[in-house]
Q: 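Got a structure for you, questions after.
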Amino acid sequence: MRVVTSVLAGLVLATTVSTPAAYAAEEPVGLVIGVRGQVDLPAEATATGTLPGALTVDVPRGEVTEVAEELRADPDVAYVEPDHIAHAAAVVTPNDPYYPQQWGIAKTRVNTAWTATRGSTLITVAVVDTGVKRITDFGARLLPGYDFVNKDSDPTDDDGHGTMTAQVIGASANNHVGVTGICWSCRILPVKVLGAGGIGSYSDIAAGIRYAADRGADVINLSLGGAADSRLMRDAVAYATSKNAVVIAAAGNEGSAAPHYPAAIPSVLAVGASTPGDARYPWSNYGASWVDLAAPGCNPAVNLAGVLSDFCGTSSSTPFASGVAALLATARPGVTPAKIRDVLTATSVKLAGNWLAASSGRIDAAAAVGTVRGLAIDQAGPVVRVTRAAASGARVAKTTPFGVAATDPSGVTRLELIINGKITQRYAGRAYVFAVPVWKFGKVVRVQARAYDRFGNARLTPTRTWYR
């Protein structure tokens, strides 16, 4: 290590005693030297204690090349590189033409959250509304959906409300078109339950919620509501939450404390509308006992005629919250709906006025994403049990059922049937009865099922051995 010691001693002398005049006005350059052994350093040299085997030293700018070459000639030097400079992650500024008018994004630090995640096509947000028009700003992320008003598979928007709602959630970013959605990459599932004029029945809305849940929606956005409570609606919401969907609904625009449904259903995240100054818009409904969260209540969006409009109301604050919820689902795959709700409310900015839950406030996307990313990772597989099958050791001569059911706090994504060590069937769900064609697999048939949760953790049932 004589070269290293000699060079470092010379550098210490140059930087602490007499810096050459040509470089006196220049900042020195930091070099990191990786070594393969121990080095006896001059007292002034710096060892990077957090990186064993690496040393740092300041080098006059004009001598960097010469010093680096000399150091690399030493066989005990593993590497020499500049001590590079890093910067705090900057907020993201998309190039979409109407982005400068989206004050809510900076207010809630969504642009800071984008340095961590901008969404994923693995996450689906259902827009249960007037339908969604297929526009450039959604691209291929707009999924096939259903129209419960006209009872067909064409959920095209004939009102405009649903299309603007979907833009707040997930309009494409950095494409020089329109506005910027909160969740750039999330998929949008259009479910039409309201007709032209924005009116629809509770039965259609409930059917739309169930439809969205059955198609794997991670977030269900309901920018709609009525004054009446409903067992039908409560059952639909319960079904969706059992399928691990976060259900988010508008608090309503009557400027009233009267509960608005389905937002006032306890398992639904009810969203009110806040102003640029963090006050309540006077038309936003309120109530500390049932409004759970506030979000920006005016967001620009393009209407069906292609013209930019001010999209205001709790119908606008709700998709803002849904977009942030989708970012959380992306940042921590498998996070439960209950945890998303808890994180959104716990990390919110407290507001004056007592118009929403005291434990909550206005949404803070950066704090929420940062918190959810730090959650402990689930490493336990689902609890899986056999619900219907012949006993182990039984003689079976023909196709026979093998039923299984699995549960997991993060949700069960699929089941697999394994026969004699090979996967033979799959099912996307948490309970299923497989049909096992025993006669195809020889005289001894060993049957198992495996269940997976949203983190990819798996667990097997005990083997059942059948004889033919």
Side-chain angles (χ1 to χ4, degrees), residues 92 94-96 99 105 110-111 113-129 131-146 153 155-157 162-192 208 211-221 240 243-248 301-302 318-337 339-340 344 365 368-369 372-373 375 377 410-414 426 428-429 452-456:
V92 178
N95 61 26
D96 304 292
Y99 176 75
I105 286 177
V110 167
N111 52 348
W114 284 337
T115 64
T117 179
R118 298 165 194 177
S120 165
T121 54
L122 298 177
I123 301 301
T124 298
V125 182
V127 178
V128 180
D129 211 290
V132 179
K133 181 181 179 181
R134 189 170 293 279
I135 61 175
T136 301
D137 239 358
F138 300 136
R141 295 180 295 108
L142 185 63
L143 300 171
Y146 192 77
S153 57
T156 300
D157 192 358
T163 302
M164 290 189 283
T165 296
Q167 288 172 64
V168 175
I169 295 168
S172 298
N174 280 336
N175 64 346
H176 298 279
V177 173
V179 298
T180 303
I182 305 299
C183 193
W184 301 9
S185 301
C186 294
R187 297 187 298 177
I188 302 294
L189 176 66
V191 185
K192 182 174 175 60
Y211 173 89
D214 283 339
R215 276 144 191 83
D218 300 280
V219 180
I220 298 176
N221 186 91
K243 293 273 193 173
N244 293 294
V246 183
V247 183
I248 303 178
V302 177
T318 300
F320 198 105
S322 291
V324 176
L327 292 181
L328 266 60
T330 306
R332 173 56 76 196
V335 63
T336 63
K339 184 57 69 174
I340 288 178
L344 286 173
V369 168
V372 81
R373 292 180 79 198
L375 295 177
I377 297 175
S410 69
V412 176
T413 57
R414 73 179 187 275
R426 292 184 174 89
Y452 289 86
D453 68 14
R454 289 196 174 192
F455 287 105

Q: Return the minimal non-hydrogen interatomic distance between G178 and V302, and the atom names on each side.
A: CA-CG2, 4.4 Å
Q: Tell me, with the steps shown, if L143 and R215 meet side chain to side chain contact (heavy atoms under 4.5 Å, CB included).
A: CA-CA 11 Å; L143 300 171; R215 276 144 191 83; over 6 Å; no
Q: Taking atom CG of D214 and atom NZ of K243, what is their separation to the nearest 0.5 Å?
A: 5.0 Å
Q: How about V110 and V324: do any of their side-chain heavy atoms sit closer than 4.5 Å?
A: yes
Q: Nearest 0.5 Å, what's the OH-CD1 distance between Y211 and I220?
A: 12.0 Å
Q: How far apart are the closest heavy atoms of P94 and N174, and which atoms are they?
A: CA-OD1, 3.1 Å
Q: S322 and side chain to side chain contact (heavy atoms under 4.5 Å, CB included): which partner among V168, N221, V247, V246?
A: N221
Q: If you compare all heavy atoms of V179 against all heavy atoms of A171, which two are closest, and at what distance to 0.1 Å?
A: O-CB, 3.6 Å
Q: Considering non-hydrogen atoms only, spot the tightest contact between V127 and I188 and give its length.
A: CG2-CG2, 3.8 Å
Q: Please tell me if the side chains of M164 and P319 come closer than 4.5 Å, counting only heavy atoms from C-beta onward.
A: no
Q: Main chain of R373, side chain of R332: is a donor-acceptor contact present, judged purely on distance under 3.5 Å?
A: yes
Q: Do D157 side-chain atoms and T163 backbone N/O form a donor-acceptor pair below 3.5 Å?
A: yes
Q: Is any side-chain heavy atom of N244 closer than 4.5 Å to one of D218?
A: no
Q: Is a side-chain donor or acceptor of W114 paired with a backbone partner of I182 at a separation under 3.5 angstrom?
A: yes
Q: Given T165, which of V132, T318, D129 fulfils the side chain to side chain contact (heavy atoms under 4.5 Å, CB included) condition?
A: D129
Q: Once rounded to the nearest 0.5 Å, what's the spacing between atom CG of L344 and atom CD1 of I248?
A: 6.5 Å
Q: Provide the closest heavy-atom pair for A331 versus V369 in the form atom of the first, atom of the second, distance.
A: CB-CG1, 4.1 Å
Q: At what distance, to the nearest 0.5 angstrom, does CG of N175 lie from CH2 of W184?
A: 10.0 Å
Q: About how many Å separate OG of S153 and NZ of K192, when rounded to the nearest 0.5 Å?
A: 13.5 Å
Q: Which distance, rounded to the nearest 0.5 Å, do you find between the OG1 of T117 and the CD1 of I123?
A: 9.0 Å
Q: Looking at residues at least two apart in the chain, or sitting in another chain, which of them share a salt bridge (charged side-chain N to carboxylate O under 4.0 Å, His left out) with R134?
A: none
Q: Using every non-hydrogen atom in the two residues, find where G119 and C186 come nearest and quote the distance to one decimal.
A: CA-SG, 4.0 Å
Q: Could you tell me whether a side-chain N or O of T180 sits under 3.5 Å from a main-chain N or O of A173, the two making a donor and an acceptor?
A: no
Q: Do any N or O atoms from the side chain of T124 and from the backbone of A217 form a donor-acceptor pair under 3.5 angstrom?
A: no
